[in-house]
Amino acid sequence: MINALQEAADYIREQMNHQYEPEFGIILGTGLGALVEDLEIRHSLNYSDIPHFPVSTVESHSGKLIFGDLGGRRVMVMQGRFHYYEGYNMEQVVFPVRVMKLLGIKRLFVSNAAGGLHPDFNTSDLMVITDHINLQPTNPLIGKNINELGPRFPDMSEPYEETMIQQALNISEEHRLDVRTGVYVSVPGPMLETKAEYKYLSTIGADAVGMSTVPEVIAAVHMGLPCFAVSVITDLCVPGKIKKVILQDILDAAAKAEPKMTLLIRELVKIQD
Ligand code: HPA
């Protein structure tokens with residue numbers, strides 16, 4: 001495993017003539033790919049060209065690794081991610097995050113589209129993730145521990161760095177983004193939830209539900225990477241507000257929130273040391 005990761009990282013470095021060392025990694029969620037329009041792009045690689053990289057199958061994800069400057073900082077952006085529901089195993093789902101770490105990133109920023117479980121949420125709200133619940137059937141650390149990456153029993157008491165959460169809230173106030181905070185629960189999907197399941201997820205303490213993020217954050221925390229994550233609320237999962245969900249509605253709600261999310265991530269990236 002570590003050899004495959006090294007080979008992917010070596011290939012990427014060669015493609016960039018060893019000229020670009022990213023400081024931060026960013027993963028963009030469903031319908032949230034337009035952050036790259038704010039990037040001064042230096043290099044762009046197709047996932048399909050990178051050794052051992054899984055290839056994205058979801059139509060709403062474009063499958064590119066993009067290197068560039070955002071707010072004056074060097075970032076690498078995954079435009080399109082891998083989900084367990086696509087049939088990848090968890091090692092494949094988190095493969096790119098591990099490659100990012102080998103390429104030298106110091107922090108990870110993640111976005112996703114999620115259903116809102118908290119009764120006060122509206123569609124196109126942003127929710128800064130303060131904690132998570134993993135309801136995926138497995139996780140990327142199962143199996144022999146890769147000691148080169150991190151410890152057997154990584155601590156999970158602060159998967160989302162408190163300092164970055166506070167900074168995000170300050171940015172939100174300054175720019176009137178009106179972000180919410182809450183707990184994200186990750187479910188396998190790909191079907192959306194029944195009303196009874198939404199009620200259950202809310203009861204166990206979740207404020208938003210989605211099908212991603214937690215595997216990547218677990219792998220990042222394992223490697224000692226501080227994480228920041230934000231959900232865009234694309235549909236409401238509260239009794240009385242539940243409607244039939246179609247992908248286009250999710251994409252429309254994400255597109256509406258995208259400028260706010262891009263601003264938040266750009267301003268946050270700018271002030272990291
Ligand atoms: N449930 C699960 N995943 C989602 C949802 C949802 O309601 N909305 C966007 N991603």
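Counting convention: from 1, in listed order, for ligands and their atoms alike. Worth saying up front: this structure is predicted, and the values here are computed from it rather than measured. Residue numbers start at 1 and run along the sequence shown.
Here the two rings, on Tyr47 and Phe82, have centers that are under 6.0 Å apart.
The protein heavy atom nearest to atom 10 (N) of ligand 1 is Ala113 O, 3.4 Å. Considering only non-hydrogen protein atoms, atom 7 (O) of ligand 1 sits nearest to Asp235 OD2, 2.7 Å. Gly115 N, 3.4 Å is the protein heavy atom nearest to atom 5 (C) of ligand 1. Among all non-hydrogen protein atoms, the one lying nearest atom 4 (C) of ligand 1 is Val209 O, 3.5 Å.
Listed by number with element, the atoms of ligand 1 under 4.0 Å from a non-hydrogen atom of Leu192 are 1 (N), 5 (C), 6 (C), 7 (O). In summary, the atoms of ligand 1 found under 4.0 Å from a heavy atom of Thr234, numbered by their order in the structure, are 8 (N), 9 (C). Counting atoms of ligand 1 from 1 in the listed order, those under 4.0 Å from a heavy atom of Glu193 are 1 (N), 2 (C), 6 (C), 7 (O). In the vicinity of Met211, heavy-atom distances shorter than 4.0 Å reach the ligand 1 atoms 2 (C), 3 (N). Heavy-atom proximity to Cys237, at under 4.0 Å, picks out these atoms of ligand 1: 7 (O).
Residues that satisfy the side chain to side chain contact (heavy atoms under 4.5 Å, CB included) test with Glu23, not counting sequence neighbours, are Arg73, Arg74.
Environment of CZ in Arg152: crowded, with over 12 heavy atoms of neighbouring residues, nucleotides or ligands closer than 6.0 Å. Heavy atoms from other residues, nucleotides or ligands lying under 6.0 Å from NZ of Lys195 number 12 at most. Within a 6.0 Å sphere centred on CD of Glu21, other residues, nucleotides and ligands contribute 12 heavy atoms or fewer.
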**Report entry** Verdict with reasoning, His132 to Tyr160, per ring-ring contact (aromatic ring centres under 6.0 Å, His included)
**Finding:** CA-CA 9 Å; His132 72 223; Tyr160 305 89; 5.6 Å; yes
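The CD1 atom of Ile66 lies 10.5 Å from the CE atom of Met76; values are rounded to the nearest 0.5 Å.
Residue Tyr85 does not touch ligand 1, judged by heavy-atom distances below 4.0 Å.
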